[in-house]
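Naming: A, B, ... by sequence-line order, numbering from 1 per chain.
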2 protein chains.
Amino acid sequence: MSRREQVLPDSPLQAEACPIVQVIDRVAGKWSVSILIAATKAPVRYTELERNITGISRRMLTLTLRNLERDGLLTRTVYPTVPPKVEYSATDSARELYDHLVGLVEWAERHQTDIIQCRNEYDREHQAAAAA
Amino acid sequence: MSRREQVLPDSPLQAEACPIVQVIDRVAGKWSVSILIAATKAPVRYTELERNITGISRRMLTLTLRNLERDGLLTRTVYPTVPPKVEYSATDSARELYDHLVGLVEWAERHQTDIIQCRNEYDREHQAAAAA
DNA sequence: CCGTATCCTCGAAGATACTG
DNA sequence: CAGTATCTTCGAGGATACGG
């Protein structure tokens, strides 16, 4: 799931980046956040997630769920019914994380249009520079 | 820089994930956070970053700097001296983002050991399951 | 319903060499 | 000092088919 699994040698900046790296990696996966959000609101079933998260494949859904479970962010409960029913719910740890993710989301919402504008401006300027 | 540049069709979950995706992507780059942190503390020069961020290549340093600048998170100031001097400093937008990143970092620090323990436990259990 | 297994694509990131 | 230009590698994620 991660591009940064290698142990980084500690260094002035990397040493303090180390815990950061862990969070970023946990959150950087293409689907982790969507799943985390869904599961934090209420326990969700596998198929529910598959339906609600547009574009996710079964493979990635399972993979991401496993990783989140492995890190203690989700708990997986199997109901031995027929047909089988599996529910994923956020742990306390994940709920705490969720609060901080919300902070990021709100930041994104506030700066959304600025960022787009900055990009356009930047691209226009550097388009012009290339032409000159 | 992004694996998710494709425009996602809106959907119940994706619609609200859209701003999230933007933040995550901006932060998900392997080096963005390290650079953002360094530049938020004080304006930094190119070579300073290269020295302080262990393992980063010139290529990725430049690329990440350009992307952050493009999104209006960093400003690039060239001093027309000899030898040339270029300083990168965080914008207000980036400083706001930084505050939220700190939230994540603190979460990571608090749960660091739990996560490692969860992983070991998970791996042990699933090692056993595979052997059985 | 809830997955696993296999093959493949594609782009992020590394290595290396050169420049205003 | 502060970059750019190529070439390459490597693994995240997609597509598809099968299984308890």
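- Per the geometry, CD belonging to A/E50 stands 10 Å off P belonging to C/dC1, to the nearest Å.
- Checking D/dC1, C/dG3, C/dA5 against the side-chain heavy atoms of A/R59 singles out C/dA5 as nearest.
- Side-chain atoms of A/E69 never come within 3.5 Å of backbone atoms of A/R66 as a donor-acceptor pair (strictly under, hydrogens ignored).
- Within the 4.5 Å cutoff, side-chain heavy atoms of B/T64 are placed close to those of B/S32.
- The nearest whole Å value for the distance from the CG atom in B/L63 to the C1' atom in C/dG11 is 12 Å.
- Between the OH atom of B/Y46 and the P atom of C/dT19 there is a distance of 17 Å, rounded to whole Å.
- Hydrophobic clustering, with ILVMFWY side chains joined whenever heavy atoms are under 4.5 angstrom apart, groups B/L65 together with B/V86.
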Task: Worked check of side-chain hydrogen bond (donor to acceptor under 3.5 Å, both in side chains) between B/T62 and B/Y46 - done: CA-CA 9 Å; B/T62 304; B/Y46 187 91; 2.9 Å; yes

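- In this structure a side-chain-to-backbone donor-acceptor pair under 3.5 Å is present from A/W107 to B/S93.
- Here the P atom of nucleotide D/dC10 and the CE atom of B/M60 are 17 Å apart, to the nearest Å.
- Here the NE2 atom belonging to A/H111 is positioned 9.0 Å from the CG atom belonging to B/D92, to the nearest 0.5 angstrom.
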Open item on the list: Run B/H100 and A/E106 through side-chain hydrogen bond (donor to acceptor under 3.5 Å, both in side chains) and show every step you take.
Closed with: CA-CA 10 Å; B/H100 295 293; A/E106 288 171 351; over 6 Å; no

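- For the helix from C/dC1-D/dG20 to C/dG20-D/dC1, the axis fitted to the five pairs at one end and the axis fitted to the five pairs at the other end meet at an angle of 60° (nearest 10 degrees).
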Task: Candidate pair B/T91 and B/T75, rule side-chain hydrogen bond (donor to acceptor under 3.5 Å, both in side chains), full reasoning - done: CA-CA 7 Å; B/T91 62; B/T75 53; over 6 Å; no

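- Rounded to an integer number of Å, the gap from B/I35 CD1 to D/dA2 P is 14 Å.
- Heavy-atom distances under 4.0 Å link DNA chain C to A/R76, A/P83, A/P84, A/K85, A/V86, A/Y88 of residues 76-89 of chain A, given in residue order.
- We find that CH2 of B/W31 is positioned 9 Å from C1' of C/dA13, with the value rounded to whole Å.
- For D/dA2, one of the phosphate oxygens OP1 or OP2 lies less than 4.0 angstrom from a side-chain nitrogen or oxygen of B/R45.
- The NZ-P distance, from B/K30 to C/dG11, rounds to 19 Å in whole Å.
- Using a 4.0 Å cut-off, no side-chain N or O of B/R58 falls inside it from OP1 or OP2 of D/dC1.
- Ion pairing between A/E87 and A/R76 fails under the 4.0 Å rule for side-chain N and carboxylate O.
- Rounded to whole Å, atom C1' of C/dA15 lies 15 Å from atom CD1 of B/I56.
- The side chain of B/R66 lies closest to D/dG3, out of D/dG3, D/dG14, C/dG3.
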